[in-house]
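All residue numbers refer to positions in the sequence shown, counting from 1.
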Amino acid sequence: MKIKRSFFKYLAYAIEVVVLYVFQDTPNLLPQLWGGKPLLLTVLALAIAARENQIPSLVFGAVCGVLTDISGGGIGYFGIALTLACYFEAEILKKYLVPSFWTVFLYTFAVVVVVVGLYFVIFRLLAGIEGAGELFVSHYLARMVYTVVCVVPLYFLNGFLYRSLSNQN
């Protein structure tokens, strides 16, 4: 019975990954707010990592990161960044902090600002893109805010899935 519940929990997470990948990548499906679309898979990986142990967090972080990289045209940056962020979130929340909505929200905020900010610095600013400052203000700030706001429904949805399909009775 416990194996079945774990299987269905991870299957539900995998279905979430597929659905949010479609939402994130389909043009004009999600509205752009102030020039930015959310990175839904980033928030999903962090919401899963808030409940799970280190290994499932690491795996879902890697999968969501690689899918985000594929949708952006390359593989590498988001895969590595989300893998590390999800592993450390699971480690920190299991050993040092009480997992609550606000700790997950603040951790997600910090990760999104750092990951998207570093992406901008590495791939836009250091690449010498013209008008990088205007691009940051008009696109990347909106993307950060829109992404962080998406943690609210995903945190509670994944909390429900975790409680409903967890091995503990």
Side-chain angles (χ1 to χ4, degrees), residues 9-94 97-120 123 136 139-166:
K9 178 176 63 173
Y10 293 126
L11 178 66
Y13 290 159
I15 291 170
E16 266 187 301
V17 168
V18 170
V19 168
L20 291 181
Y21 180 70
V22 169
F23 273 116
Q24 181 174 303
D25 264 14
T26 304
N28 301 323
L29 189 59
L30 284 176
Q32 286 191 6
L33 297 180
W34 302 287
K37 287 181 79 172
L39 296 170
L40 296 173
L41 293 176
T42 301
V43 178
L44 175 64
L46 293 169
I48 291 172
R51 307 278 183 182
E52 293 293 335
N53 292 325
Q54 290 86 349
I55 299 301
S57 299
L58 185 118
V59 169
F60 278 101
V63 168
C64 290
V66 167
L67 288 174
T68 301
D69 281 331
I70 289 171
S71 68
I75 295 180
Y77 177 77
F78 281 101
I80 294 168
L82 279 182
T83 301
L84 293 173
C86 289
Y87 175 79
F88 286 119
E89 179 182 15
E91 186 76 20
I92 289 168
L93 290 180
K94 296 296 182 219
L97 294 176
V98 175
S100 69
F101 171 74
W102 290 110
T103 55
V104 172
F105 184 83
L106 290 174
Y107 186 84
T108 301
F109 176 78
V111 166
V112 167
V113 167
V114 168
V115 168
V116 174
L118 275 175
Y119 181 86
F120 172 78
F123 295 104
F136 182 78
H139 178 73
Y140 284 91
L141 280 179
R143 175 171 262 191
M144 287 180 202
V145 170
Y146 201 179
T147 300
V148 170
V149 167
C150 290
V151 77
V152 176
L154 290 175
Y155 173 81
F156 291 109
L157 174 65
N158 285 304
F160 171 75
L161 289 174
Y162 182 79
R163 284 188 306 276
S164 298
L165 299 171
S166 184

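To the nearest 0.5 Å, atoms CG (L41) and CZ (F23) are separated by 12.0 Å. Taken from SG in C86 to CD1 in I55, the straight-line distance is 12.5 Å, to the nearest 0.5 Å. Interatomic distance, N53 CG to Y87 OH, rounded to the nearest 0.5 Å: 11.0 Å. Note that OG of S100 and CG of L106 are 8.5 Å apart. Values are rounded to the nearest 0.5 Å.
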(request) Check the pair E16, L161 against side-chain contact (heavy atoms from CB on, under 4.5 Å), reporting the backbone distance first and the verdict last. (result) CA-CA 11 Å; E16 266 187 301; L161 289 174; 3.6 Å; yes
(request) Please report the C-alpha distance between V148 and V113 in whole Å, then the side-chain angles of each, then the deciding distance to 0.1 Å, and finally whether the side-chain contact (heavy atoms from CB on, under 4.5 Å) criterion is met. (result) CA-CA 9 Å; V148 170; V113 167; 5.8 Å; no
(message) Using side-chain contact (heavy atoms from CB on, under 4.5 Å), reason through L46 and T42 one step at a time and then give a plain yes or no.
(response) CA-CA 6 Å; L46 293 169; T42 301; 4.2 Å; yes
(message) Under the criterion side-chain contact (heavy atoms from CB on, under 4.5 Å), I'd like the reasoning laid out for T68 against Y77: C-alpha separation, chi angles, the key distance, then a yes or no.
(response) CA-CA 9 Å; T68 301; Y77 177 77; over 6 Å; no
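With a 4.5 Å cut-off on side-chain heavy atoms, L44 and L40 do not count as touching. Side-chain contact between F120 and V116 is absent, with no heavy-atom pair separated by less than 4.5 Å. Between L67 and F78, the closest side-chain pair of non-hydrogen atoms is not below 4.5 Å. In this structure, S71 and Q24 have side chains that are in contact, with non-hydrogen atoms separated by less than 4.5 Å. Looking only at side-chain heavy atoms (C-beta outward), F136 and M144 come within less than 4.5 Å of each other. No side-chain heavy atom of L39 sits less than 4.5 Å from a side-chain heavy atom of V112.
The side chain to side chain contact (heavy atoms under 4.5 Å, CB included) test with V111 singles out one residue from V114, V115, T108, and that residue is V115.
The shortest non-hydrogen separation linking A85 to Y107 is O-OH, 2.7 Å. When every heavy atom of T26 is checked against every heavy atom of K37, the shortest pair comes out as O-NZ, 3.4 Å. The two residues G61 and L82 have their closest heavy-atom pair at O-CB, 3.4 Å. Closest approach of L93 and V104 over heavy atoms only: CD1-CG2, 4.1 Å. What you find for S57 and I48 is that their closest heavy atoms are OG-O, 4.5 Å.
Between F156 and F101, the ring planes are parallel. Angles under 30° get that label, and only those over 60° would be called perpendicular. Note: Y119 and Y140 have tilted aromatic rings, judged against thresholds of 30 and 60 degrees for the angle between ring planes.
In this structure, T103 contributes its side chain and P99 its backbone to no donor-acceptor pair below 3.5 Å.
Between the side chains of Y162 and N158, no donor N or O sits under 3.5 Å from an acceptor N or O.
Counting heavy-atom neighbours within 6.0 Å of Y10 OH, excluding the residue itself, gives a total above 12.
Between E52 and K94 there is no salt bridge, since none of the side-chain N atoms of the basic residue sits less than 4.0 Å from a carboxylate O of the acidic one.
Residues meeting the side-chain hydrogen bond (donor to acceptor under 3.5 Å, both in side chains) test with Y155, sequence neighbours left out: R51.
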